[in-house]
2 protein chains.
Amino acid sequence: MIVGGGLPGEVADAVRDVPSGRSTPQRAAVLRVLAACPDFVSAQELHARLAADGVSIGLTTVYRSVQALERAGLLDVVRDDAEGRLYRRRPAAGHRHYLICRDCGRSQSVDADVVEEWAERVGECTGFSAVEHILELTGVCARCRVGS
Amino acid sequence: MIVGGGLPGEVADAVRDVPSGRSTPQRAAVLRVLAACPDFVSAQELHARLAADGVSIGLTTVYRSVQALERAGLLDVVRDDAEGRLYRRRPAAGHRHYLICRDCGRSQSVDADVVEEWAERVGECTGFSAVEHILELTGVCARCRVGS
DNA sequence: CGCTAGATGACAATGATTTCCACGTCCAGG
DNA sequence: CCTGGACGTGGAAATCATTGTCATCTAGCG
């Protein structure tokens with residue numbers, strides 16, 4: 001992975017969006033690696049990739065950075081039984097859902113408007129307020145089905 | 001909670017449904033307490049309730065029992081950031097979704113036919129097979145909103 | 001340049017879950 | 001009734017992601 005050179009403008013923008021955040025080399029590095037990862041990664045894996053890129057950063061800081069990014073809404077999060085939380089840069093503003101391959105881990109975002117609307121309606125009908133939802137889809141992608 | 005007396009027939013039936021399972025007092029007790037819990041409970045809480053009921057059972061066995069029940073499809077499972085996995089007896093055959101109060105933990109099952117259909121269609125359109133989904137809805141129930 | 005709130009990171013702590021392993025219990029066959 | 005093996009049990013130890021602690025560092029401001 002190429003790590004030299006200046007930050008892509010997009011990453012710089014994202015750094016700026018983190019609330020109450022000071023710009024530090026570590027945070028920039030976290031975002032940079034995250035931006036280079038097409039699929040979900042765990043905090044631990046992120047830490048390993050940063051180390052592999054020659055970035056000196058503590059695991060604690062990785063966790064804190066990811067938390068800050070999550071709060072800022074810049075990351076999507078899924079939970080994996082084996083690896084704990086997995087993070088991925090949110091490609092666009094708003095709320096997304098993913099279909100993740102149980103074999104290879106590749107993810108693909110899906111259009112979930114139907115679900116969004118439904119969830120909202122459920123909130124209205126049940127007397128619950130501030131309804132939030134987590135939706136995780138898993139399956140076996142075409143490539144893995146052929147391969148195995 | 002009353003624990004004496006024979007098993008309700010329903011629980012006995014459920015015990016029988018667990019595959020590769022021998023019927024033991026511990027497993028029966030787990031199912032009995034589970035059947036008496038209207039809301040989701042953690043394995044730890046289950047263990048505490050069993051102890052409170054005077055049932056001598058190890059935490060390990062509680063974990064093994066809920067695992068077996070989960071595999072047998074007799075339990076619904078949700079994940080909670082604070083408490084880990086939460087279990088609840090599945091009221092009927094098939095797949096259900098729940099709306100859980102973030103304050104008091106009370107749960108309410110919701111009709112999710114729309115989501116089921118949608119998930120199925122997503123599987124067909126994306127080339128993924130064996131698509132499964134996890135949907136967790138959280139909110140604040142009417143009672144908690146008033147109370148706080 | 002010097003100050004200070006915020007950031008960092010090595011390390012310890014936490015807490016749910018799993019693994020280990022010695023022991024108990026049930027059942028079939030002798 | 002005895003015996004052997006398979007399965008179940010449970011306490012303790014191990015695992016492992018995640019969070020807390022705290023001394024040290026540094027970005028950003030005046």
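Convention: sequence-line order gives letters A, B, ...; per-chain numbering from 1.
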TODO: Could you state the atom-to-atom distance from CD of Gln67(A) to P of dA17(D) in whole Å?
DONE: 16 Å

Task: SB check Arg79(A) Asp81(B) (cutoff 4.0 Å) - done: yes

Task: Arg27(A) and Ser65(A): side chain donor to acceptor below 3.5 Å - done: no

- [ ] Let me know the distance between CD of Glu45(B) and C1' of dG15(C), rounded to the nearest Å.
- [x] 16 Å

Open item on the list: In whole Å, I'd like the distance from the CG atom of Leu46(B) to the P atom of dA16(C).
Closed with: 14 Å

- [ ] Could you tell me whether Gln44(A) contacts a base, only the sugar-phosphate backbone, or nothing, with contacts defined as non-hydrogen atoms closer than 4.0 Å?
- [x] base

- [ ] Please confirm whether any donor atom in the side chain of Thr24(B) sits under 3.5 Å from an acceptor in the base of dG8(D), or the reverse.
- [x] no

Task: Rounded distance in Å - NE2 (His47(B)) to C1' (dA12(D)) - done: 13 Å

Open item on the list: Without decimals, in angstroms, what is the distance between Leu59(A) CG and dT21(D) P?
Closed with: 18 Å

Open item on the list: Reading DNA chain D from 5' onward, which residue's closest nucleotide shows up sooner: Thr60(B) or Leu86(A)?
Closed with: Thr60(B)

Open item on the list: Measuring centre to centre across the rings, with the benzene-like ring taken for any Trp, is His97(A) within less than 6.0 Å of His133(A)?
Closed with: yes

Open item on the list: Let's see if you can work this out: which of dT18(C), dG9(C), dT9(D) has an atom nearest to the side-chain heavy atoms of Tyr63(B)?
Closed with: dT18(C)

Task: Closest-nucleotide 5' rank along DNA chain C - winner of Gly84(B) and Ser56(A) - done: Ser56(A)

- [ ] Would you mind checking if Arg89(B) and Asp76(B) are paired as a salt bridge, meaning a charged N to carboxylate O distance below 4.0 Å?
- [x] no

Task: Nucleotide nearest Arg27(B) when distance is taken to its side chain, options dG8(D), dT18(D), dT18(C) - done: dG8(D)

TODO: Can you check whether any acceptor in the base of dG10(D) is under 3.5 Å from a donor in the side chain of Arg64(B), or vice versa?
DONE: yes

TODO: Take atom CD1 of Ile57(A) and atom P of dC11(C), then tell me their distance rounded to the nearest Å.
DONE: 17 Å

Task: Separation of atom CZ in Arg79(B) from atom C1' in dA17(D), rounded to whole Å - done: 11 Å

- [ ] Take atom CG of Asp81(A) and atom C1' of dA16(C), then tell me their distance rounded to the nearest Å.
- [x] 12 Å

Task: Donor on one side chain, acceptor on other, Gln44(A) and Tyr63(A), under 3.5 Å - done: yes

